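Since the structure comes first, as structure tokens, the remarks are kept for the end.
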Amino acid sequence: MTLLNLNQADLSDIRLIASDVDGTLTHNGKFSSDFISTLLNLQSAGITVLLVTGRSAGWVSALVNYLPVVGAIAENGGLFLQPNGQQDLLSSIPNLSRHRILLENTFHQIKQLFPNLHPSTDNQFRITDWTFDVDDLSTDDLQAISSQCRQMGWSFTYSNVQCHIKPPHQDKATGLDAVLKNQFSDLISQQVLTVGDSPNDEAMFNPDLFPISFGVANVRHYQDMMLHLPQYITQASEFAGFQELAQLLLPNSVTDDSM
């Protein structure tokens with residue numbers, strides 16, 4: 001459903017935006033000059049932003065420290081990081097050291113079929129999952145890797161930049177639901193808006209869990225690969241799409257100057 005069919009009443013009481021980062025808050029892989037001002041405008045309007053990303057705990061701890069956000073969920077639901085430095089493990093992993101070894105072994109088994117795979121640049125800063133670059137993997141390649149992961153007892157997802165080997169049942173929706181219940185228990189589901197662009201955001205588009213969801217326009221690239229699609233899709237892609245969403249939420253369209 002495009003924004004042409006938008007029910008403005010859905011947005012009347014939004015208090016928190018749970019947003020993906022890469023491909024949603026970025027433009028060509030970078031934050032734009034008006035990125036922080038948009039976050040500050042939302043903050044001034046009483047709307048907080050919670051990052052929900054597949055990026056590593058190491059990278060996300062830096063984002064939380066510097067950006068005007070209420071916190072961040074890293075590694076597709078693996079951890080919750082707060083601006084005060086507190087870090088909570090959301091995924092049930094008894095022995096993290098052994099966990100990393102098992103993940104690495106799984107990656108090397110996948111490399112037997114796909115020898116050109118390379119760990120992502122932020123893989124060394126990860127705790128709960130293992131990532132490698134999407135590069136030019138085809139849909140069939142991704143399905144084969146997903147099947148191999150399941151056979152070895154892992155789950156698999158991917159975004160516009162990375163592939164993730166992760167524990168079963170670890171996803172953005174599960175992590176977000178836990179954080180909302182523990183940290184934002186005063187909010188109801190109609191006050192939370194989720195936004196993303198890739199298959200690893202699909203769980204946040206599940207209407208049974210999050211009834212108000214948006215995709216920036218580049219989510220259409222993956223619509224044939226996803227069971228759950230966002231309720232609304234912006235006209236613009238990447239951060240321009242997020243700005244389009246912000247303009248709908250902000251009183252008096254305070255983002256007009258930066259659009």
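Scope of the values below: all heavy atoms of this structure, side chains included, with no hydrogens, waters or symmetry mates. What you see is a predicted model; the values in this text were computed from it and never measured.
- Although no hydrogens or angles enter the test, the distance criterion places a donor-acceptor pair under 3.5 Å between the side chain of Asn95 and the main chain of Arg98.
- In summary, the side chains of Asp34 and Ser32 do present a donor paired with an acceptor at a separation below 3.5 Å, with no hydrogens or angles considered.
- Heavy-atom minimum distance, Thr121 versus Gln124: O-NE2, 3.7 Å.
- Asp10 contributes atom CG, which lies 9.0 Å from atom CD of Gln190 (distance to the nearest 0.5 angstrom).
- Leu16 is not listed as a side-chain neighbour of Gln191, based on a closest heavy-atom distance of 4.5 Å or more.
- For His27, the NE2 atom sits in a loose shell: 12 or fewer heavy atoms of surrounding residues, nucleotides or ligands are nearer than 6.0 Å.
- The backbone N or O of Phe132 sits nowhere less than 3.5 Å from a side-chain atom of Gln162 that would complete a donor-acceptor pair.
- Nearest approach of Lys172 to Val52, heavy atoms of both residues: NZ-O, 3.0 Å.
- A donor-acceptor pair under 3.5 Å links the side-chain atoms of Ser61 to the main chain of Gly58, judged by distance alone.
- Using cut-offs of 30° and 60° for the angle between ring planes, the Tyr232 and Phe214 rings count as tilted.
- Using a 4.0 Å cut-off between charged side-chain N and carboxylate O, Arg15 and Asp186 make no salt bridge.
- Side-chain contact between Leu180 and Phe210: present, with at least one pair of heavy atoms (C-beta onward) separated by less than 4.5 Å.
- The shortest distance between side-chain heavy atoms of Pro230 and Val219 falls below 4.5 Å.
- Using a distance-only test at 3.5 Å, with no hydrogens or angles considered, no donor-acceptor pair links the side chain of Asp197 to the main chain of Val216.
- Listed for the Asp201 side chain is a donor-acceptor partner under 3.5 Å among the backbone atoms of Ser198.
- Under the side-chain hydrogen bond (donor to acceptor under 3.5 Å, both in side chains) rule, Asn76 has a single partner from Thr157, Asn200, Asp171, which is Asn200.
- Under the 4.5 Å side-chain heavy-atom criterion for Ile, Leu, Val, Met, Phe, Trp and Tyr, Ile47 and Val70 are members of distinct hydrophobic clusters.
- A distance-only check finds no donor-acceptor pair linking the side chain of Thr174 to the backbone of Gln170 [under 3.5 Å].
- The main-chain N or O of Pro167 is never found under 3.5 Å from a side-chain atom of His169 such that the two would form a donor-acceptor pair.
- Thr26 places no side-chain N or O within donor-acceptor distance of the main-chain N or O of Phe31, the cut-off being under 3.5 Å.
- Hydrophobic clustering of Ile, Leu, Val, Met, Phe, Trp and Tyr side chains at less than 4.5 Å, counting indirect connections, unites Leu11 with Leu42.
- For the pair Leu103 and Thr128, the minimum side-chain heavy-atom distance is 4.5 Å or more.
- With hydrogens and angles ignored, the 3.5 Å screen pairs no side-chain donor or acceptor of Glu75 with any backbone N or O of Arg55.
- Distance check, rounded to the nearest 0.5 Å: CG of Asn218 to OG1 of Thr234 gives 7.5 Å.
- By the 4.5 Å heavy-atom criterion applied to side chains, Asp22 and Asn160 are counted as neighbours.
- Linking Ile, Leu, Val, Met, Phe, Trp and Tyr residues whenever their side-chain heavy atoms come within less than 4.5 Å places Leu137 and Trp130 in a single cluster.
- Going from atom CG of Asp224 over to atom OG1 of Thr139 covers 9.0 Å, rounded to the nearest 0.5 Å.
- One hydrophobic cluster, built from ILVMFWY side chains closer than 4.5 Å, cannot hold both Met226 and Val161; they sit in different ones.
- Between Leu50 and Leu176, the closest heavy-atom pair is CD2-CD1, 3.6 Å.
- The structure places CD of Gln235 at 12.5 Å from CG of Leu245, a figure rounded to the nearest 0.5 Å.
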Criterion side chain to side chain contact (heavy atoms under 4.5 Å, CB included) on Asp20 and Val195, from CA distance to verdict: CA-CA 6 Å; Asp20 171 57; Val195 56; over 6 Å; no
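- Ile14 is not listed as a side-chain neighbour of Val192, based on a closest heavy-atom distance of 4.5 Å or more.
- Nearest heavy atom pair, residue Ala74 against residue Leu81, reads CB-CD1, 3.7 Å.
- What you find for Leu209 and Ala173 is that their closest heavy atoms are CD1-CB, 3.9 Å.
- Formation of a donor-acceptor pair under 3.5 Å by the Gln87 side chain with backbone atoms of Gln82 is not found in this model.
- Side-chain contact between Ser19 and Leu25 is present, with heavy atoms from C-beta onward closer than 4.5 Å.
- Side chains of Ser120 and Asn123: no donor on one and acceptor on the other come within 3.5 Å.
- Across Thr38, Val49, Leu40, a single residue satisfies side chain to side chain contact (heavy atoms under 4.5 Å, CB included) together with Pro68, and that is Leu40.
- In terms of heavy-atom proximity, Ala72 sits nearest to Val64 at CB-CG2, 3.3 Å.
- Using a 4.5 Å cut-off between side-chain heavy atoms of Ile, Leu, Val, Met, Phe, Trp and Tyr, with links allowed through other members, Phe239 and Leu250 fall into the same hydrophobic cluster.
- Under the 4.5 Å side-chain criterion, counting only non-hydrogen atoms from C-beta, Gln231 is not in contact with Pro211.
- Looking at Lys166, Arg126, His164 one by one, the single match for side-chain hydrogen bond (donor to acceptor under 3.5 Å, both in side chains) with Thr131 turns out to be Arg126.
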